[in-house]
There are 2 protein chains.
Amino acid sequence: MSGPAHPEGAGRREAVRVLIVDDHPVVRRGLRAMVDDLPDVEAVGEAADGAAALRLLDDGTRPDVVLMDLQMGDGMHGVEATRRITARPSPPAVLILTTYSTDADILAAVEAGATGYLLKDAPPEEVAAAVHAASRGETVLAPPVAARLLGRVRAGGRPALTQRETEILGLVAEGLANKQISRRLFISEATVKTHLVHIYGKLGVDSRTAAIAAGLAAGLIRAV
Amino acid sequence: MSGPAHPEGAGRREAVRVLIVDDHPVVRRGLRAMVDDLPDVEAVGEAADGAAALRLLDDGTRPDVVLMDLQMGDGMHGVEATRRITARPSPPAVLILTTYSTDADILAAVEAGATGYLLKDAPPEEVAAAVHAASRGETVLAPPVAARLLGRVRAGGRPALTQRETEILGLVAEGLANKQISRRLFISEATVKTHLVHIYGKLGVDSRTAAIAAGLAAGLIRAV
DNA sequence: CCGAAAATCAATCGAACGGTTGAGGGCGGC
DNA sequence: GCCGCCCTCAACCGTTCGATTGATTTTCGG
């Protein structure tokens, strides 16, 4: 846990090897251009989704840092990909790079083992600094992200729903009725209602539709 | 209306001049790299938001094509920027480039005078072809966008809610109860229910939460 | 080891919601 | 002028939802 391994030994200061994972060709191109502009940093591959990234790793690509987009249309979601990458032996550092920071995303990504969290509107210098920091095993968070996390922790983390509650709120937002949710999760309808009461309390609302609005606004769930 | 003006005269086939407008440095970098790779195309400027783009135009930058992101965090929204750009004398063609296509966005952008609509996950060749087509004054739509528009027109615009229905669906998505909606719109609760029944029918759902989900998915309403 | 939090289930009750039927006024197209 | 669509309102009825109370199990941390 003291940073990524350097299999070739440290004869001299070799370049930081970066793998770019994003489903948008435009973004991949931009990241590669940014990365290649930096001294001591080189892009060693690109992947359009999590599955492709894992294949590259299986095929012997050994990056020090993975720049990973969170929301990737089809295919594996960034959080899941992060989880699988960090579960590998001597894993690279995973830097999450995403358009906007919903609280749920940040927490999930950190839990999945991400080393840092960058916003796509970050200036190039910030991306550069983050890549270097990540290669040294340091945690990097974009200022807005850090502030959000701090605010959340400082506020006692109150609006934080439990895992199950978040899951149920997500199903509510998909338009499912309590009975449907209960069948989907193999629990009784009574349990669903209990969770909902807790959710309403935490969000300060008193109806399922208001809970959807509040959940979307707080970034606890995402509008597909 | 036969394509952008060529102030220097047409002594020889000069390059298509492109202005890039996006609030993400990464995306700007990627677009510039893509554009510069193309023969006969050159980037003449970058702007981080609509206001900056208009300033550039005021200062004499004369692009043939503007590559414009729709959702820009702070500052002017892409639709509004498009409207103002196309309202200028001898305007450049505006190519909308966005992450995902909600129907409302597409229609608004087209109404605002956009020449075309591209998705950010489009391959580079598609971007290249679109830039050239736009510079010739042609309309270009990414296949998924075109299909969506066609499907809408062919279906007789059926899932199109009336103005009032859209308004009510929006309030429902904000978490308001029927009685609250009735007071907000100065109509009776019975009327709200009638509208809702019509909305359910058009969206093919049978509950208000499902209507929210369907409305978001169809781009009829937007998650703030 | 014990208390707190999370997740599960049950039963009840009033209020809100969803579906149906019916109806009237305004407005634009044929 | 008439037909259709939109917006408005009303009454009824069955279902779902939200609130409350109370209970069990597991898990985590002090």
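Throughout, protein chains are lettered first and strands after them, A, B, ... in sequence-line order, and every chain is numbered starting at 1.
Of the inter-residue distances, the one linking B:Thr162 atom OG1 with B:His195 atom NE2 reads 6.5 Å to the nearest 0.5 angstrom. If you take CG on A:Leu57 and CZ on A:Arg88, they are separated by 4.5 Å, rounding to the nearest 0.5 Å. Between B:Leu97 atom CG and A:His24 atom NE2 the span is 9.5 Å, to the nearest 0.5 Å. Here CD of A:Glu174 is found 13.0 Å from CD1 of B:Ile212. Values are rounded to the nearest 0.5 Å. Rounded to the nearest 0.5 angstrom, B:Tyr200 OH and B:Glu165 CD are separated by 12.0 Å. With rounding to the nearest 0.5 Å, the separation of CG in A:Leu203 from CG in A:Leu196 is 10.5 Å.
Between A:Ile85 and A:Leu54 there is a side-chain heavy-atom pair separated by less than 4.5 Å. You'll find the side chain of A:Met34 reaches within 4.5 Å of the side chain of B:Pro25, heavy atoms only.
Between A:Val197 and B:Gln163, the residue anchored closer to the 5' end of DNA chain D is B:Gln163, taking for each the nucleotide with the nearest heavy atom.
Between the C1' atom of C:dG18 and the NZ atom of B:Lys202 lies a distance of 18 Å, rounded to the nearest Å. Atom CD in B:Glu167 sits roughly 12 Å away from atom C1' in D:dC7 (whole-Å rounding). As rounded to whole Å, 15 Å separates atom P of D:dG18 from atom NE2 of A:His195. Atom P of nucleotide D:dT8 and atom CG of B:Leu185 are separated by 8 Å, given to the nearest angstrom. Look at CG on B:Leu196: it is 14 Å from C1' on D:dT8, rounded to the nearest Å. In this structure, the CD1 atom of A:Ile168 is 11 Å from the C1' atom of C:dT8, given to the nearest Å. Atom-to-atom, CZ of B:Arg183 to P of D:dT8 comes out at 17 Å; the value is rounded to the nearest Å. In this entry the distance linking CD1 of B:Ile181 with C1' of D:dC7 reads 16 Å, nearest Å.
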Next item on the list: Under the side-chain contact (heavy atoms from CB on, under 4.5 Å) rule, what do B:Val205 and B:Ile199 come out as? Steps first, then yes or no, please.
Entry: CA-CA 8 Å; B:Val205 300; B:Ile199 293 171; 6.0 Å; no
Check: For A:Leu56 and A:Val44, what are the C-alpha separation, side-chain angles and deciding distance, and is it a side-chain contact (heavy atoms from CB on, under 4.5 Å)?
Finding: CA-CA 10 Å; A:Leu56 279 181; A:Val44 296; over 6 Å; no
Margin query: Applying side-chain contact (heavy atoms from CB on, under 4.5 Å) to B:Asp22 and B:Val27, what does each step give before you reach the verdict?
Written below: CA-CA 7 Å; B:Asp22 198 302; B:Val27 176; 3.1 Å; yes
Note to self: Please evaluate residues A:Asp69 and A:Val21 with respect to the criterion side-chain contact (heavy atoms from CB on, under 4.5 Å), reporting the C-alpha separation (whole Å), side-chain torsions for both, the decisive distance (0.1 Å), and the verdict.
What the structure shows: CA-CA 6 Å; A:Asp69 188 13; A:Val21 188; over 6 Å; no
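A close approach under 4.0 Å does not occur between any side-chain nitrogen or oxygen of A:His198 and OP1 or OP2 of C:dA6. Distances shown here put every side-chain N or O of A:Thr162 at or beyond 4.0 Å from the OP1 or OP2 atom of C:dA6. Within the 4.0 Å cut-off from OP1 or OP2 of D:dC9, at least one side-chain nitrogen or oxygen of B:Ser188 is found.
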Report, one line per pair, each donor and acceptor closer than 3.5 Å where one atom sits in a side chain of residues 177-189 of chain B; sequence neighbours left out.
residue: B:Asn178; atom: OD1; partner: B:Arg208; partner atom: NH2; Å: 2.1
residue: B:Gln180; atom: OE1; partner: B:Ala177; partner atom: N; Å: 2.8
residue: B:Ser182; atom: OG; partner: B:Lys179; partner atom: O; Å: 2.6
residue: B:Ser188; atom: OG; partner: B:Ala190; partner atom: N; Å: 3.2
residue: B:Ser188; atom: OG; partner: B:Thr191; partner atom: N; Å: 3.2
residue: B:Ser188; atom: OG; partner: B:Thr191; partner atom: OG1; Å: 3.2

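The end-to-end axis angle of the helix from C:dC1-D:dG30 to C:dC30-D:dG1, rounded to 10 degrees and based on five pairs per end, is 50°.
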Margin query: Return a single string for nucleotides 25-30 of chain C, one symbol per nucleotide in 5' to 3' order, where B is base contact, S is sugar-phosphate-only contact and - is none, cutoff 4.0 angstrom on heavy atoms.
Written below: ------
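Qualifying side-chain hydrogen bond (donor to acceptor under 3.5 Å, both in side chains) partners for A:Arg55, counting only residues two or more places apart in sequence or in other chains: none.
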Give me the distances for all protein-to-nucleotides 12-17 of chain C N/O pairs that come in under 3.5 Å?
none

What protein N or O atoms touch nucleotides 22-24 of chain D N or O atoms at under 3.5 angstrom, if any, and at what distances?
none

